[in-house]
Amino acid sequence: MSKAIEIYGPLLLVSEVSGALYDELVEVELKNGDIRSGKVLEIKDDKALIQIFEGTEGLDLKTIKTRFTGKGLELGVSKDLLGRIFSGLGKPIDNAPDIIPEKKVDINGSSINPFSRNYPNDFIQTGISTIDGLNTLTRGQKLPIFSGSGLPHSRLAAQIARQAKVKGGGSDFAVVFGAMGITFEDAEFFIRKFRETGAIENAVLFINLASDPAIERIATPRAALTAAEYMAFDLNMHVLVILTDMTNYCESLREVSAARKEVPGRRGYPGYLYTDLATIYERAGRIKGKDGSITLIPILSMPDDDKTHPIPDLTGYITEGQIILDRALERKNIYPPIDPLPSLSRLRDKAIGKGKTREDHPNVANQLFASYARGREVRELMVILGEAALSDIDKKYLKFADEFEDKFIRQDEMEDRSIEDTLNLSWELLKILPKDELKRIKPEFIDKYYEA
Amino acid sequence: MIKKVAGPLVIANIPDCKKGDLVKVGKLRLVGEVIEIRGDLASIQVYEETSGLKVGDPVQNTGMPLSVELGPGLLSTMFDGIQRPLVELEKASGVFIARGVEVPSLNRTKKWTFKPVKNKGDEVSVGDIIGEVEETSLIVHKIMIPHGISGKIEEIKSGSFTIEETIAKISGQEITMLQKWPVRKSRSLKQKESVSIPLTTGQRIIDTMFPLAKGGSACVPGPFGAGKTVIQHQLAKWADADIIVFVGCGERGNEMTDVLQEFPELKDPRTGKPLLERTILIANTSNMPIAAREASVYTGAAIAEYFRDMGYSVALMADSTSRWAEALREMSGRLEEMPGEEGYPAYLSSRLADFYERSGYGKCLGTPEREGSLTIIGSVSPPGGDFSEPVVQNTLRVTKVFWGLDYALAHKRHFPAINWLQSYSLYVENLSKYFKENIGEDFPAIREEALRLLAKEAELEEIVRLVGMESLSQKEQLILFVCKIIREDFLYQSAFDPIDQFSSLKKQYNILSLIMILHKKSLEILDFGVEVKDIQKIDTISRISKLKLTKEEEIPQEAESIRQDMKNKMENLIGRANNE
């Protein structure tokens, strides 16, 4: 019989253990009959170090009973997941009965063989110009939203979930929502939005609130993605996974790492943060021979809007681009405040153009970027030198930048623009500039669309 | 017997093991390598996920070091970090990679047509080519005498064989087409020589401004989104090496898929054959086990050196070495070693130096006499885009070319986002003879002139920002105008446009020399009272912009026509200025 010998931070050390498996699920029974779950982090001789998901508050060394289950943390999956709400550990919290699982799956998943992947190149229309036109989302992509406190990332994510569609339709669509350490209000906002549009019937929610145990958050994105994998690759659905807020997830990881006294990497985050995040983000994708797909939109708040902070930094190195929300645009009261210049979708070029969106799309996107960047430069110049110092062409760029922000970036939360609308609007704006400034656009498209 | 498990590190009791021994861990027989020995206890880094291991599980020592298999069948294949072919893994365990799967690295049943080039009775020693196999339509695989064997050929066969069948007997020893080589050991050249031939890549800013030599090494650091991977892919596609080894080290799975799906479609601009036929892919994506990431760059290097030994020019791309360094850091942390800078182990710099020194140009071992080269291009992903961090700094100490990717350029969608003020190539001297003889006598001179103007532009922009354009002289305004053309019409290059993505050296020379002529002639006519704004109105200039989208074969004629046209227009301007 194992014996608890130390409790510190979220960790429990037990000795006189025999046959504990690395990474297995442990159940800890308290004196009052409560059961908490944990995971084996390290085994050495007869000792096992266990991370307790629900926290170690109230545990003692004498009366608790630990039981090693011989398997990893699992999620029971079946079609009935849809429409349900679970805790961060995958237990139902919507007062409905437990689901009868078709199978049980280890939430850690396994890595997809890169050879078996299918390249994501189906355009998803989100109805948001700055995304569709400039930083296109594709089926099977992982595209995070880098936000900051007070910025409307939740509204944006809900709008994407509501409006996202693929040209030509196709298989069933589902949303998996994983909340880690967000407030009750934020969670309620999503649930309400899903309810309003009826999307809740095709959604699975995993909710760990700010008041719930912090260590549980480490399991939440994995449980959510396990559900997503089942729906995408067993049920052939197109699944959109929204994970918010990854910053809270990383904080929990740091807490465990600090408790284990590991050598820290940057800003106290563990050295394996990159690898750990990759095991979450890389679960998005498409697989050869399967119809379904997992498109992943993690949301993270950048501490102090700093993109070089380890969490956004490492995320950006793994994901296929990023959508960056900008405080200056927000202050101008522009929704959605997506700054197109630092935002990026790496998969854009293979998902747009002739046969996918429209022939002129790639050129137009590049031109909008270049012209808006130039317009912003002119605006900065004007701050120093005054408007009188601007040349005529500078003034046109300035006008372009202003109109671009006001008409292209700005749109209503309920406004669902088709890609054609977005491109037509782009030409409308590009007409502010003289023809020979449009160096990134092929002459034939200028003839066809600029003149029109 | 296992004593401790902590992530990828397992400590076990293995009597009589050597450092570097390959071991099989647990009941699943996970692949691991002994990295430290203390008494009877060995620290093992395990190349697969360790969940489910327990104290007391068995560990079996193979007594062999971690090795790669070398022989026909390497090309067009995608391997994981420890050289398991991913297509075989899929057959064995489906779309998700299972653990403990044992598949041979090279196909054991496929027959290859072996053509001997030596005869019975010939004396042979290490590195001598005894026969050939046409592995793909692009590459002839040379079968060389493995290390440790020499003597007289007693028998040599001709015909179809698998890689395990005997093709020759030398002094009583049977030779097959399959060789094994320990990954961490460098294969030596007979003699290293200094580099003198450029590795052309079709990328204008690289080939003209910061060229890389065959046998050289380069470092591409940049923050995320600056285009490291796009550059690595462009090089893998268009570099004029015979063999490309692409190591995707801790990067995105979709990027490897992209390469696999795109390369068979792409044709080598020189031979017209599918590019995949000269390519070997090593994929250890970011979610695959971290220890195998550490091994993946060595697996790539050993395979690359093997092809170099056949007399080929080989280019190895490692994307990204930062992930490899992080794998080192993680293992070092688990071993509870004293950390150096930013938690990286103190031996980071010597490991990096070892790796990049595997590049080189020179005479290969054995006969016939031949020269091979291995070029290494490593990308680095510095946290926060900060180049002062240890991996970038230690890499720069050993590489000779630095293509610094710049966030501000990427921001403006100027690609490739290589910063022309920061980047450098130390091969310019070595290569200038080649450029003069093969491309143009004045090629090095116009390159230098263009870089000088660009540096001047940066200074002038500073002034414009403070006091406005009006304060500049006509000559200075001309520099700004010409530099804009250099940037937009020469340095800017689309990786997605079918024509623009590859520019031959000749084409690069033609475009840049036209721009430099424009500058020179304009300077002359400024003295006649012509103003920059008049020059800007010359419509010929827009024809220069279109050159990059013009087909290679039309370039010489078009360039000549532009040259003439420009001359005429400028003379007109002088005429008009004189009349006023």
Side-chain angles (χ1 to χ4, degrees), chain A residues 19-24 41-46 72 108-120 140 262-266 271-272 274-275 278-279 282-283 285 287-288 308 310 313-314 316-318 320-322 341-342 344 347 349 362 366 369-370 373 381 384-385 389 391 436 439, chain B residues 3-7 11 49-56 78 86-87 89-90 94-98 223-225 248 250 252-254 256-258 260-261 283 285-288 290 320 323 326 329-330 333 339 342-343 381 383-386 411-413 465-470 488 496 542 545:
Chain A
L21 308 179
Y22 173 69
D23 209 29
E24 79 173 302
L41 291 183
E42 192 174 312
I43 48 176
K44 188 180 180 184
D45 302 324
D46 69 338
N108 283 322
S110 327
S111 25
I112 302 176
N113 187 330
F115 180 79
S116 315
R117 280 183 188 267
N118 207 348
Y119 197 74
E262 291 172 333
V263 179
R266 288 171 69 218
Y272 48 81
Y274 176 85
T275 307
T279 57
E282 277 287 330
R283 289 172 80 170
I287 288 180
K288 271 191 239 165
T308 67
D313 190 51
L314 295 177
Y317 276 121
I318 305 164
E320 284 137 349
Q322 66 277 338
L341 297 183
L344 171 75
L347 306 182
D349 293 283
N366 285 334
F369 272 120
L381 203 66
I384 304 169
L385 298 172
S391 67
D436 48 348
K439 284 199 170 183
Chain B
K3 293 281 178 199
K4 175 183 170 178
V5 183
I11 294 183
E49 187 59 47
T50 52
S51 314
L53 291 180
K54 64 174 190 285
V55 171
M78 176 145 91
L86 288 169
V87 56
L89 282 184
E90 189 191 69
V95 295
F96 293 98
I97 298 177
F224 65 83
R252 305 175 182 88
N254 279 332
M256 299 314 292
T257 313
D258 186 22
L260 264 187
Q261 296 191 347
T285 57
S286 54
N287 57 337
M288 285 157 82
I290 184 152
S320 144
R323 306 301 161 224
E326 278 166 14
R329 175 167 74 182
E330 181 166 347
E342 293 200 20
S381 320
D386 172 13
H411 212 131
K412 287 186 223 165
R413 299 304 192 266
R465 214 163 290 140
L466 292 172
V467 287
M469 191 68 138
E470 280 64 43
E488 292 181 358
F496 300 98
S542 67
S545 328

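Quantities reported herein were computed from a predicted structural model and do not represent experimental measurements. Naming convention: chains lettered A, B, ... in sequence-line order (proteins, then strands); numbering from 1 in each chain.
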Engineer: Glu320(A) versus chain B, heavy atoms under 4.5 Å apart: side chain, backbone, both or neither?
Structural biologist: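 Its backbone and side chain both get close to chain B.
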Engineer: Heavy atoms only, distances under 4.5 angstrom: which of Asn366(A), Ile318(A), Leu381(A) has the most pairs with chain B? Name it, please.
Structural biologist: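 Of the candidates given, the most pairs with chain B belong to Ile318(A).
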Engineer: Using 0.5 Å steps for rounding, measure from the NE2 atom of His411(B) to the CZ atom of Phe369(A).
Structural biologist: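 So the gap between those two atoms works out to 9.5 Å.
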Engineer: With a 4.5 angstrom heavy-atom cut-off, could you sort out which part of Glu24(A) is near chain B: side chain, backbone, both or neither?
Structural biologist: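 Looking at Glu24(A), nothing touches chain B.
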Engineer: Enter the distance from Ser116(A):OG to Glu90(B):CD here, rounded to the nearest 0.5 Å.
Structural biologist: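 If I round to the nearest 0.5 Å, the distance is 3.5 Å.
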Engineer: Run the side-chain hydrogen bond (donor to acceptor under 3.5 Å, both in side chains) test against Ser545(B) and tell me which residues pass, sequence neighbours left out.
Structural biologist: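 With neighbours one apart ignored, the set is Asp489(B).
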Engineer: Closer than 3.5 angstrom, by distance alone: can the side chain of Arg252(B) be matched with the main-chain N or O of Glu282(A) as a donor-acceptor pair?
Structural biologist: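 Absent.
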Engineer: Output yes when a side-chain donor or acceptor of Tyr274(A) lies under 3.5 Å from a complementary backbone atom of Gly250(B), and no otherwise.
Structural biologist: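 Looks like yes, one N/O pair under 3.5 Å.
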Engineer: Please round to the nearest 0.5 Å and tell me the distance separating atom CG of Asp436(A) and atom OG of Ser542(B).
Structural biologist: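 If we round to the nearest 0.5 Å, Asp436(A):CG and Ser542(B):OG are 8.5 Å apart.
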Engineer: Name the region of Ile43(A), side chain, backbone, both or neither, that has any atom closer than 4.5 Å to a heavy atom of chain B.
Structural biologist: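 Both the backbone and the side chain of Ile43(A) come within 4.5 Å of chain B.
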Engineer: If I measure from the heavy atoms of chain B, does Ile287(A) come under 4.5 Å with its side chain, its backbone, both, or neither?
Structural biologist: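 Side chain only.
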Engineer: In terms of heavy-atom pairs under 4.5 Å, which option from Pro120(A), Ala389(A), Gly72(A) contacts chain B the most?
Structural biologist: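 Most pairs with chain B among the choices: Pro120(A).
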Engineer: For residues Arg323(B) and Thr275(A), determine if any side-chain heavy atom of one lies less than 4.5 Å from a side-chain heavy atom of the other.
Structural biologist: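 Not in contact.
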Engineer: Quick check: do Phe96(B) and Ile112(A) have side-chain heavy atoms less than 4.5 Å from each other?
Structural biologist: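 Heavy-atom side-chain distance check passes, below 4.5 Å.
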Engineer: Looking only at non-hydrogen atoms, find the nearest pair between Gly384(B) and Arg266(A) and report the distance.
Structural biologist: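 Taking every non-hydrogen atom into account, N-NH1, 4.3 Å.
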Engineer: Can you tell which part of Ile11(B) gets under 4.5 Å to a heavy atom of chain A, answering side chain, backbone, both or neither?
Structural biologist: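 Ile11(B) has no heavy atom closer than 4.5 Å to chain A.
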Engineer: To the closest 0.5 Å, what do you measure between CG (Asn254(B)) and CG (Leu347(A))?
Structural biologist: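 Between atom CG of Asn254(B) and atom CG of Leu347(A) there are 6.5 Å.
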Engineer: Using a cut-off of under 4.5 Å on heavy-atom pairs, state which of Arg283(A), Lys439(A), Lys44(A) scores highest against chain B.
Structural biologist: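 Option with the greatest count: Lys44(A).
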Engineer: In terms of heavy-atom pairs under 4.5 Å, which option from Leu466(B), Val467(B), Asn287(B) contacts chain A the most?
Structural biologist: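 Answer, by heavy-atom pair count under 4.5 Å with chain A: Asn287(B).
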Engineer: With sequence neighbours left out, write down each residue that passes side-chain contact (heavy atoms from CB on, under 4.5 Å) with Leu53(B), or none if nothing qualifies.
Structural biologist: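 Only Ile2(B), Val5(B), Val10(B), Val25(B), Leu30(B), Thr50(B), Asp57(B) meet the side-chain contact (heavy atoms from CB on, under 4.5 Å) criterion with Leu53(B).
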Engineer: Looking at side-chain heavy atoms only, is the closest gap between Pro114(A) and Met78(B) below 4.5 Å?
Structural biologist: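 Yes. Closest side-chain heavy atoms under 4.5 Å.
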Engineer: In terms of heavy-atom proximity below 4.5 Å to chain A, should Arg413(B) be classed as side chain, backbone, both, or neither?
Structural biologist: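 The answer is both parts of Arg413(B).
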Engineer: For Ala373(A), is it the side chain, the backbone, both or neither that has a heavy atom under 4.5 Å from a heavy atom of chain B?
Structural biologist: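 The side chain, not the backbone.
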Engineer: By a 4.5 Å heavy-atom criterion (distance strictly below it), what part of Met256(B) contacts chain A: side chain, backbone, both, or neither?
Structural biologist: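 Answer is side chain: those atoms of Met256(B) sit under 4.5 Å from chain A.
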Engineer: Ignoring hydrogens, what is the shortest heavy-atom contact between Asn113(A) and Leu86(B)? Give both atom names and the distance.
Structural biologist: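 Closest heavy-atom pair between Asn113(A) and Leu86(B): ND2-O, 2.9 Å.
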Engineer: Just so I understand: if I count every heavy-atom pair under 4.5 Å between each of Asp313(A), Asp23(A), Leu344(A) and chain B, which residue has the most?
Structural biologist: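 It is Asp313(A).
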Engineer: If you count heavy-atom pairs under 4.5 Å between each of Met469(B), Glu342(B), Arg465(B) and chain A, which one has the most?
Structural biologist: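 Result: the option with the highest number of such pairs is Arg465(B).
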Engineer: Would you mind checking which part of Leu385(A) comes under 4.5 Å of any heavy atom in chain B, side chain (CB onward), backbone (N, CA, C, O), both or neither?
Structural biologist: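 Side chain only.
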Engineer: Report the C-alpha distance between Asp45(A) and Lys3(B) in whole Å, list the side-chain angles of each, state the deciding distance to 0.1 Å, and finish with yes or no for side-chain contact (heavy atoms from CB on, under 4.5 Å).
Structural biologist: CA-CA 5 Å; Asp45(A) 302 324; Lys3(B) 293 281 178 199; 3.6 Å; yes
Engineer: Considering only heavy atoms, which portion of Tyr317(A) lies under 4.5 Å from any heavy atom of chain B: side chain, backbone, both, or neither?
Structural biologist: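 Its backbone and side chain both get close to chain B.
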Engineer: With rounding to the nearest 0.5 Å, note down the distance linking CZ in Arg117(A) to OG1 in Thr285(B).
Structural biologist: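 Between atom CZ of Arg117(A) and atom OG1 of Thr285(B) there are 6.5 Å.
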Engineer: After noting the C-alpha distance and the side-chain angles of Phe115(A) and Leu260(B), does the key distance pass the side-chain contact (heavy atoms from CB on, under 4.5 Å) rule?
Structural biologist: CA-CA 8 Å; Phe115(A) 180 79; Leu260(B) 264 187; 3.5 Å; yes
Engineer: Is Ile290(B) close to chain A through its backbone or its side chain, or both, or neither, when contacts mean heavy atoms under 4.5 Å?
Structural biologist: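 For Ile290(B), the side chain is the part near chain A, not the backbone.
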Engineer: Tell me, out of Ala278(A), Gly109(A), Pro264(A), who's got the most heavy-atom pairs with chain B below 4.5 Å.
Structural biologist: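 Sorted descending by pairs with chain B, the first entry is Ala278(A).
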Engineer: Which value, rounded to the nearest 0.5 Å, describes the distance between Ser111(A) atom OG and Glu49(B) atom CD?
Structural biologist: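 The distance works out to 8.0 Å.
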Engineer: Hey, which of Ser381(B), Gly343(B), Gly56(B) has the most heavy atom pairs under 4.5 Å with chain A?
Structural biologist: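 Highest number of heavy-atom pairs under 4.5 Å: Ser381(B).
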Engineer: Could you check which of Val263(A), Thr308(A), Thr279(A), Asp349(A) has the highest count of heavy-atom pairs closer than 4.5 Å to chain B?
Structural biologist: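 The answer is Asp349(A).
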Engineer: Regarding Lys4(B) and Glu42(A), does a basic nitrogen lie under 4.0 Å from an acidic carboxylate oxygen?
Structural biologist: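 A salt bridge is present here (some side-chain N lies under 4.0 Å from a carboxylate O).
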Engineer: Determine the option with the most heavy-atom pairs under 4.5 angstrom with chain A, choosing from Gly52(B), Pro339(B), Ala6(B).
Structural biologist: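 Sorted descending by pairs with chain A, the first entry is Gly52(B).
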Engineer: Below 4.5 Å, heavy atoms only, C-beta onward: do Lys288(A) and Val95(B) meet side chain to side chain?
Structural biologist: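 The answer is no; the side chains never approach within 4.5 Å.
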